[in-house]
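Remember, it's a predicted structure, so these values are computed and weren't measured experimentally. Letters go in sequence order (proteins before strands), and every chain restarts at 1. Side chains included, hydrogens not; waters and symmetry mates left out as well; all remaining heavy atoms used.
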Protein chains: 2
Amino acid sequence: MTQSDKTNRQIVLAERPVGLPDENTLRLEQTDIPTAGKGEMLLRTVYLSLDPYMRGRMSDAKSYAEPVKIGEHMTGQVVAQVVTSDLEGFAVGDYVLAGNGWQDYAVSDGAQVLNLGANPENPSWALGIMGMPGYTAYAGLLKIGEPKPGETVVVAAASGPVGATVGQIAKIKGCRVVGIAGGADKCAHVVNNLGFDACIDHKAEDFAEQLKDACPDGIDVYFENVGGKVLYGVLPLLNPFARMPVCGMVAWYNMTGLPEGPDMGPAILGTILRMKVKVEGFIIFDSFGPDTYKEFASEMTGWLAEGKIKYKEQVVDGLENAPAALNDLLLGKSFGKMVVKV
Amino acid sequence: MTQSDKTNRQIVLAERPVGLPDENTLRLEQTDIPTAGKGEMLLRTVYLSLDPYMRGRMSDAKSYAEPVKIGEHMTGQVVAQVVTSDLEGFAVGDYVLAGNGWQDYAVSDGAQVLNLGANPENPSWALGIMGMPGYTAYAGLLKIGEPKPGETVVVAAASGPVGATVGQIAKIKGCRVVGIAGGADKCAHVVNNLGFDACIDHKAEDFAEQLKDACPDGIDVYFENVGGKVLYGVLPLLNPFARMPVCGMVAWYNMTGLPEGPDMGPAILGTILRMKVKVEGFIIFDSFGPDTYKEFASEMTGWLAEGKIKYKEQVVDGLENAPAALNDLLLGKSFGKMVVKV
C-alpha cells in the first residue's frame, strides 16, 4: 500500500521493545487524513528521516525527551509538501521541514516548521547534512571539540551522516582524521571519497591495535557517537587536555541491562582525571542557540558549494519499509544518511 | 629517632605496592645532611603534607606525573625553614613552601620555592587551605563547576581539606551543599561546624537513598574526588547541564585491577549524554595559570579572615609515622588535612 490521498498511514508504537525492535514493536495503521482549519495547513510527507535517537524514544527510561506513548505514531523529522494552506508564508506546493513523525499527513499551525521554498535543490538534505545530523557534527566538533590544526580527531560511524561530516570538517580545520566504520566498503569510502587520513574497521580482531597505529601522536578529540569497544579502544590513546563531545552511544542503544564486567568506570574516570579530559554531552537543539545554527547553515552551504564536504544518502522506498530500515541503521547496516521516501 | 642536625632521614620507596601500601612499601633510611653550595640554601623540613595523590606516585602506571623510582625518597610538598642561605630573598629562619619530599633536609637553588616569611601565622596552612588542596577546591569548583545561587552542590570526602573547602565556598556562593563523609562524627562536623546543609555517611546501607532525599532538586555540581559508589549514587540525580570537575578518585586508588561488573560505562556515558553533563578532569597546577592562583590567594585570605571558611588539620608527629598516616588517609580514617610535624 503506497501513499494516497484517501487515507493517512501511520506507524505507531505497539509495544516497548526489549533490545532490538522486532515485528511486534511497530504497527502500520490507517486513519483519516486530518482536515486543516483556519490558520492551519495540511502537510504531506515526502521524506522521513531515520536516526539512531529513535530507539531511545521507544523506551520509557528517563531520557532527554518524552518517550512515544503506546499507540502513538513514532516521532521523527520529515520533509513535507504543503497540500492546503490558510497560513501566510506557506503556499501550496512549498517544501517544509517539520516534526510530523512516521505518517503520510499532518496538520500544522506553522509552529516549528521551516519553509524550504517551492523548489529546493535537494529537499531531503534538510534531514541530513543541512539539518540535525550536519548541525550536530558541526557544533559538537567545533564548539566542544575545538580541534586545532595538526591535532588528531577520531570519529566512529564515519560513513554515517554525523561521523562523515565531523571528519570532513576536521580535515578542513587541518587535523589528522581517523574514522571508524564497519567493514571494508565503508572504510574505503571514508578514506577515498571523504578524504579521511585513515579508517579502521571496528569488526577487526585487532581493532584496538590498528587504532593505536593510526594515531601515532595520540588522540586530541574523540567525537563520541557509539560507545562500546570503540570508546574503550580510544581511552588509552587520549592526550592531555583531550576533548570528547558526546552525542550518542549507538552501540549501547539496544542493551537490555548493563553489560558484564569488569566495571570500566575507574578506567573512564581515571583517564579523564590523569589526562585532564573534558567530556561533554550535548543535545543539539538544547545545547546550542540560533546564532550557532546560523553560523552552521552559512558555513555548510559554502563548503557544499565548494565541494569541500561530500554527502551520501541511502534512500529507502515506502513508509512500510521504515521499521526494517531503522533496525538496519541500529545494527550498522546502513551506508550514508538514511531517509525514507514516503 | 627524631629529627637531628647530624643525619638526614629519608623515607624511600622500597617496592611498588599492590593495593594498599604495606610495611614493605616504604623504608626509613639515613644519609648525610647535604651541603648547600654557592647560590643555594639548606632547608630543614618542618611540616610534610600527606595527600591522596601520593598513592599514584608509588605505581608505574601511566599517570600525570612521573612515578617515584624504587630507592628514591617519596615526593611531597613541605614547609621548611632555611638553615643556611647563599640566596637573595631567603634569610636564615625564613619559612618556605617547597617540594622536598619525605626527608629532613634538602638543598635548593630557590626554584619553585615560595618564601612564606620569617613569622607566618600558620606555616602549615600553606600545605592545605592556602596551598594545593585549597586551590584545587577553589579552581575546580568555581572555574569548572561554575555553581549558581540556589543550585545543589555535592562533594565527597567532605571533612577532608578539599571537600570541606569546596562545600564552604559553595555555601558562600549561595548553593545548597550536601557533603558525603565516612561516619557520624565527620558528618556532624561537616554540618555543625562547616555549615553544609546535609551530610550523608557513605557507610550507610541506604546511602543512595539518603543522598537522593538530601537532593530533592537533583544535583547541579558534583565535585568528584572519590569515585566508586559515591559516583554511582550521584549519576541518577544529575540535572540537565550538570557539571562534574574531577580531581581524584581515592576510592579506586588502591585497586589492583578493574572491579567486577556490571560495566557501568554505559550508565556513565548515558548520563553524560542524556543530561548534557560536562565532566572535566584537572590537575591544579597544569590546568590553571598564575592569574587564577592570585585570585584564589586573595579571596581565600579574605574568607579566612572573615571566618567564612573554617579549616581543620590533623597533625601527625614524626616523619617515621608518615607511612601509617598515609594509609589512614587512603582508608578514610583521617579527619581534616593531614600534615606530619617532622
Top of A:P266, A:P259, A:P240 for chain B proximity - count of heavy-atom pairs under 4.5 angstrom: A:P266

A:F241 versus B:S287, closest heavy-atom pair with distance: CE2-OG, 3.8 Å

Heavy-atom contact with chain A under 4.5 Å, split by part of B:I144: neither

Flag side-chain contact, heavy atom, 4.5 Å: B:D263 against A:E260: no

Closest-packed option against chain A by number of heavy-atom pairs under 4.5 Å, given B:P245, B:P262, B:G261: B:P262

From A:I272 atom CD1 to B:I272 atom CD1, the distance as rounded to the nearest 0.5 Å: 5.5 Å

Neighbour count above 12 (heavy atom, 6.0 Å) for B:E209 CD: no

Interatomic distance, B:I284 atom CD1 to A:K276 atom NZ [nearest 0.5 angstrom]: 11.5 Å

Student check: side-chain heavy atoms of A:E280 and B:V277 closer than 4.5 Å: no

Counterpart residues, salt bridge (Lys or Arg N to Asp or Glu O under 4.0 Å), relative to A:K229 (two or more places apart): none

Within 6.0 angstrom of A:K333 NZ, more than 12 heavy atoms from elsewhere: no

Structural part of B:L269 lying under 4.5 Å from a heavy atom of chain A: both

Step-by-step side chain to side chain contact (heavy atoms under 4.5 Å, CB included) determination, B:L273 to A:M249: CA-CA 8 Å; B:L273 170 60; A:M249 313 187 316; 4.2 Å; yes

Straight-line distance of B:M264 CE to A:M264 CE, nearest 0.5 Å: 14.0 Å

